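Keep in mind it's a predicted model, so treat the numbers as computed, not measured.
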Amino acid sequence: MTQHLIDNPSLWVERLGRFGYTSKGVVYAIVGLLAAQVAFGTGGKTTDTKGALQTLVEQPFGQILLALVAIGLIGYVLWRFVEAIKDPEHKGNDAKGLAQRISYAINGFIYAGLAYSAVQILLGSSNSGNSNSTQDWTARLLSQPFGQWLVGTGGAFVIGLGFYQFYRAYTTKFQREFNLSQLSHKERKWVIGICRFGLVARGIVFCIIGWFFIQAATQSNAQAAGGLDEALQTLAQQPYGPWLLGFVALGLIAYGIYMVIKARYSQLVVN
């Protein structure tokens, strides 16, 4: 088995990609679980993906668990760059295909930052969780020429991503990513339902985050910007907040399961 992997380096990339999807799923599931505890009044906290990493390292055997997640996130980043450069999904070089491949690369850079945060936490960096990078980057953009337009456009783009999640949930085209032939009809229905729920919850979060950016742009105030943590806090503060937060929290857990399903049933092939 080991010799087979050595002779076929593409298998290493595939395995790392699957491990990466699993690690991403674990992170989202932790965020959702902590938020669900808040919603149901059993403790927990609203946090973002970096906060989920910090929570993980505080658990029994946390250093080992976080190290595994960090390796997985690096694998996810590697796979995203493979998708962008080698185009194993045959997206092509037309405008639509290039846009999709560029989005893979951007996603890779985003999760490279999360993987770096995991390494920082493992190394005991004292400032790994003390700064609000979302507000920092927003402030930098606002200080540029046409900064308000840049931030506002970014907010509209994030809202567009949110509606794209709703579109994917509605059309269920994500099924094409999987090979579910070995599952029964009932099992496939459960898998599809969980994935749709996860996509809807993620879409809601994206829309809220995008609205934060638009508010920051119109007010020229970086403090109005916010990420996943602030989005969950906003839900909790609304009328029927515990219900809203509970729905999205369970949805984020479902999205984490979706990533694990993707790790198991996707056909990841490196050309």
Side-chain angles (χ1 to χ4, degrees), residues 13-32 49 72-73 75-84 86-92 94-111 114 157-210 228 231 247-271:
V13 177
E14 177 197 333
R15 298 289 172 83
L16 281 171
R18 294 186 188 280
F19 190 26
Y21 280 119
T22 301
S23 296
K24 180 181 176 182
V26 168
V27 171
Y28 268 93
I30 292 173
V31 173
T49 50
L73 290 173
Y76 179 78
V77 171
L78 175 63
W79 177 249
R80 277 316 207 189
F81 289 148
V82 167
E83 286 183 304
K86 294 184 68 67
D87 192 23
E89 298 178 356
H90 306 292
K91 297 295 183 181
D94 59 5
K96 182 179 179 180
L98 286 175
Q100 185 68 66
R101 291 167 67 183
I102 290 171
S103 73
Y104 291 153
I106 293 173
N107 193 248
F109 282 114
I110 291 171
Y111 279 90
L114 186 61
F157 177 74
V158 174
I159 290 175
L161 287 177
F163 277 93
Y164 179 62
Q165 304 302 306
F166 298 149
Y167 170 78
R168 294 183 67 208
Y170 177 74
T171 62
T172 68
K173 288 183 178 180
F174 58 84
Q175 295 181 70
R176 301 172 185 173
E177 304 168 358
F178 307 141
N179 178 11
L180 302 177
S181 58
Q182 57 190 294
L183 300 181
S184 68
H185 177 69
K186 184 176 181 180
E187 289 170 335
R188 285 197 296 272
K189 286 184 66 175
W190 270 101
V191 165
I192 294 167
I194 290 170
C195 294
R196 295 179 76 182
F197 184 25
L199 287 169
V200 168
R202 197 165 183 243
I204 292 171
V205 169
F206 275 158
C207 287
I208 296 172
I209 292 173
L228 177 56
F247 176 84
V248 172
L250 293 175
L252 292 176
I253 294 172
Y255 184 77
I257 296 172
Y258 169 30
M259 289 295 100
V260 175
I261 292 169
K262 193 165 185 176
R264 173 63 179 85
Y265 294 106
S266 286
Q267 301 183 64
L268 306 184
V269 179
V270 183
N271 292 338

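Checked against ring-ring contact (aromatic ring centres under 6.0 Å, His included), Phe197 has the following partners two or more places apart in sequence or in another chain: Phe247. Take Phe19 and apply the ring-ring contact (aromatic ring centres under 6.0 Å, His included) test, not counting sequence neighbours, and it matches no residue. Shown here are the side chain to side chain donor-acceptor pair (under 3.5 Å) partners of Gln165, two or more places apart in sequence or in another chain: there are none. Every residue two or more places apart in sequence or in another chain was checked for a ring-ring contact (aromatic ring centres under 6.0 Å, His included) with Tyr104, and none qualifies. The side chain to side chain donor-acceptor pair (under 3.5 Å) test applied to Tyr258 returns Arg168, Glu177, not counting sequence neighbours. Considering only residues two or more places apart in sequence or on other chains, Ser181 meets the side chain to side chain contact (heavy atoms under 4.5 Å, CB included) condition with Asn179. Under the rule for a side chain to side chain donor-acceptor pair (under 3.5 Å), the partners of Thr172 that lie at least two apart in sequence or sit in another chain are Gln175. Residues forming a side chain to side chain contact (heavy atoms under 4.5 Å, CB included) with Lys96 (at least two apart in sequence, or on another chain): Asp94. Listed by chain and number, the residues in a side chain to side chain donor-acceptor pair (under 3.5 Å) with Tyr164 amount to none (sequence neighbours excluded).
Note: Phe166 and Phe163 meet the aromatic proximity criterion, with ring centroids under 6.0 Å apart.
Taking CG from Leu228 and CD1 from Ile208, the interatomic distance works out to 9.5 Å, rounded to the nearest 0.5 Å. One finds the OG1 atom of Thr22 at 11.0 Å from the CZ atom of Arg264 (value rounded to the nearest 0.5 Å). Rounding to the nearest 0.5 Å gives a distance of 11.5 Å between CD1 of Ile257 and CG of Leu252. Between atom CG of residue Leu180 and atom OH of residue Tyr265 there is a gap of 7.0 Å, rounded to the nearest 0.5 Å. Atom OH of Tyr76 and atom CZ of Phe81 lie 11.0 Å apart (nearest 0.5 Å). Atom CD1 in Ile30 sits 10.5 Å away from atom CD1 in Ile253 (nearest 0.5 Å).
Within the structure, the side chain to side chain donor-acceptor pair (under 3.5 Å) test picks out the following pairs touching residues 185-200 (sequence neighbours left out): Ser184-Glu187. For the salt bridge (charged side-chain N to carboxylate O under 4.0 Å, His left out) condition, the pairs that include at least one residue of residues 16-31, sequence neighbours left out, are Glu14-Arg18.
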Working note: Val77 + Phe109, criterion side-chain contact (heavy atoms from CB on, under 4.5 Å); need CA distance, chi angles, decisive distance, verdict.
CA-CA 7 Å; Val77 171; Phe109 282 114; over 6 Å; no
Pair Phe174-Lys262, side-chain contact (heavy atoms from CB on, under 4.5 Å): steps then yes or no
CA-CA 10 Å; Phe174 58 84; Lys262 193 165 185 176; over 6 Å; no
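Counting heavy atoms from C-beta outward, Trp79 and Val13 have side chains that approach closer than 4.5 Å.
Nearest heavy-atom pair across Val158 and Gly210 is CG1-N, 3.7 Å.
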For residues 198-207, tabulate all N or O donor-acceptor pairs below 3.5 Å that involve a side-chain atom, not counting sequence neighbours.
unit_1	atom_1	unit_2	atom_2	d
Arg202	NH1	Tyr255	OH	3.1

